There are 2 protein chains.
Amino acid sequence: MLRQAFFSVNAQSVKQVETSAQVSGSQGKSQGRRTTIYDIAELAGTSPSAVSAILNGSWKKRRIAETTAQRVIDIAEAEGYARNLQASALRSDRSNVIGMIMPKYDNRYFGAIAEQFEAKARARGLFPVITCTERDPELEVAAAREMIGYRVDCIIATGATDPDRITRTAAAAGIRTLNLDLPGREAPSVISDNYNGARELALLLLDRIGPASGPLLFVGGRGTDHNTAERIRGVRDAHEARGLALPESHVLTCGYASDKAQSALDTLAFDVPEALFVNSTISLEGVVRWMRSNGQTLPFGCFDWDPFAALLEENVGMVKQDVTALVSTIFDRLDEPSGEADVIQIPCILCTE
Amino acid sequence: MLRQAFFSVNAQSVKQVETSAQVSGSQGKSQGRRTTIYDIAELAGTSPSAVSAILNGSWKKRRIAETTAQRVIDIAEAEGYARNLQASALRSDRSNVIGMIMPKYDNRYFGAIAEQFEAKARARGLFPVITCTERDPELEVAAAREMIGYRVDCIIATGATDPDRITRTAAAAGIRTLNLDLPGREAPSVISDNYNGARELALLLLDRIGPASGPLLFVGGRGTDHNTAERIRGVRDAHEARGLALPESHVLTCGYASDKAQSALDTLAFDVPEALFVNSTISLEGVVRWMRSNGQTLPFGCFDWDPFAALLEENVGMVKQDVTALVSTIFDRLDEPSGEADVIQIPCILCTE
DNA sequence: GCAACATGCTACATCGGTTGTGCAATTTGC
DNA sequence: GCAAATTGCACAACCGATGTAGCATGTTGC
């Protein structure tokens, strides 16, 4: 690790910059003291309540003269005023913050959800706050509690291990929750149609390896997880549709970590089947590492899409979840009267080639 | 899209659940009214200030009897009390929130930064808030302003297009900023050693295609971006070290979008060089799509690592940025006395195989 | 010329905590 | 047995914004 002045000293392609203009430390001329409506009121010769009304836009209906408003707005601008949202939220009991609890950031699916959630939240004038809980149920509740402490308007629990616990915790403070990706029983949910997505992909795989090749190997996910269960059901029904059975031994729900998938395959007690159904891109990492280190090349399909995994030669197809539809549907449900705790399922997109 | 009661009706592998226990809507028995220290004080027969001290841990130095403390704690527990952090932060002027501004979530580098940032922040008792600004300078400042409104203790600007603008905006409110991944002039920065990472990878590529093969083609990134400039410098010096020149025509700084990379290659005015230096995994997506659709297979190296891209047959090497070191160094700098606006560079890891 | 009304603003209580100050009640010192 | 010290807590003044209630002016109606 090397430490140096701004722009490496030996940088030739980068213009050397004058250091005279540097602000020392983080203090500008306005030292620490943040401007409040009281400061502005004094400067403008009005009352704090007028300033408040003017700066939060409610001044028209409070009959404040346009000239006063403009004067205050100009001063606020000049002083670099930023409303203290804590104080505002405390008083008005509306934080305008919407929280999302997210298991991981290590795949495109959750990344896309995060980005679209933020964009849609901002479009509604809400401030999005995402927090990642590493699939740890304790951390999920802790994060929910923290968000409750900030009095967020709503919490969206994405892929939560125990969504109902989050719902109950939040409900105790009068805060709504919605479930995304994994369903809960006590709050409205929006998830993918895991069953049909998995069924289609399994059929594709089975037809690729031909009728005499026996069952697929299902790798990854948690057996207790609703989506994994639905996907297994889809894969099983696909086998049935082709006159095959999927034995229990061929379902390796070894969790979501890639190492787990790799070691599950390493310690397989029977001959490796002719194709694999992989239950997440993370598991797929382990699967491909295993294939590479064993010189195997087995065709696989994967539930979840990744641009580079899609280009691997062994790839037969990937199920892409419809993130745009998922996120916009969850926002639609925000507007529901505080609706029923039912589940909306969104069809997936099968990407072949 | 289909809508149905919890757990699909035709689900066979999933236990049917009794619906009697369902909470209707989001209201539990405790309807909306959140418990405050005043409620608890009344229940415990003490004063609100005692409750406050007990529940925020400062009760020992306020000499409050252990028995009283335990009684209050038990009541708080039973009532499901959650401290109003807005009020708390408002009064104490410490929000315990640390903000991060992030350009995208669509690659492993930023995903890993986000996860490690959150973990480290929580380990310090801070609440991490990340917001993604889609590489839009306006959105960056808007997000910073919003965080300032919430009086975050510090803002970390990751890969910011205009970090100094963020620093100045925050400084006006007395809030510190730090720069990660891309350096700024007015706040402490921690970035990767882009020059040496790029140089090493370029040497690897040049040696792979042999001495007579001419220059590489550099694809992706923004020319104005410090890291891209440093990487170009590294690539250029690598050429020089092998007695080659890197002509301007061979530097395609077409931005970070994958489509841009693809179309830049499609409209190339000269013969494609024998190997590519790709400046991000996102650009690499476009590059690989272009190769696939043109039947080309060119060896490439990429600055930034992706587990599946690493497994593509054309891959020669990937530069993995040391996220653990980057994030822990940025947290170290948080503790500096409010230090100099200098840049610390972290070496990268070259992944071949 | 005076009531009635509109206009443009101010005063003040409030949201839920935090914290310096102070004061009884109890314990200790001698 | 009385002063000094300690223990255990309550009071009240905030933090910054919001919104209701109200109070001066000026304007209109007749």
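Chain A is the first sequence line, chain B the second, and so forth, proteins listed ahead of strands; every chain is numbered from 1. On a predicted model such as this, the values are computed, not experimentally measured, just so you know.
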I need the [atom1]-[atom2] distance between [X] and [N], as an integer number of Å.
{"X": "K60(B)", "N": "dG8(D)", "atom1": "NZ", "atom2": "C1'", "value": "15 Å"}
{"X": "Y150(B)", "N": "dG16(D)", "atom1": "OH", "atom2": "P", "value": "17 Å"}
{"X": "R63(A)", "N": "dC23(D)", "atom1": "CZ", "atom2": "P", "value": "14 Å"}
{"X": "W59(B)", "N": "dT7(D)", "atom1": "CH2", "atom2": "P", "value": "14 Å"}
{"X": "I54(A)", "N": "dT18(D)", "atom1": "CD1", "atom2": "C1'", "value": "14 Å"}
{"X": "E66(B)", "N": "dC9(D)", "atom1": "CD", "atom2": "P", "value": "11 Å"}
{"X": "I40(A)", "N": "dT18(D)", "atom1": "CD1", "atom2": "P", "value": "12 Å"}

When you check every protein heavy atom under 4.0 Å of nucleotides 11-18 of chain C, what one-letter string (B, S, -) results, 5' to 3'? BBBBBBBB

Spatial distance of atom CZ (R333(A)) from atom CZ (R176(A)) [nearest 0.5 Å]: 9.0 Å

So CG of D332(B) and CD1 of I344(B): to nearest 0.5 Å the spacing works out to 8.0 Å

For [X] and [Y], test the side chains for any donor-to-acceptor distance below 3.5 angstrom and give the result as yes or no.
{"X": "T131(B)", "Y": "R122(A)", "answer": "yes"}
{"X": "N84(B)", "Y": "Y150(A)", "answer": "no"}
{"X": "S95(A)", "Y": "Q86(B)", "answer": "no"}

Could you tell me whether S58(B) contacts a base, only the sugar-phosphate backbone, or nothing, with contacts defined as non-hydrogen atoms closer than 4.0 Å? nothing

Is the backbone of P128(A) close enough, under 3.5 Å, to the side chain of E118(A) for a donor and an acceptor to pair up by distance? no

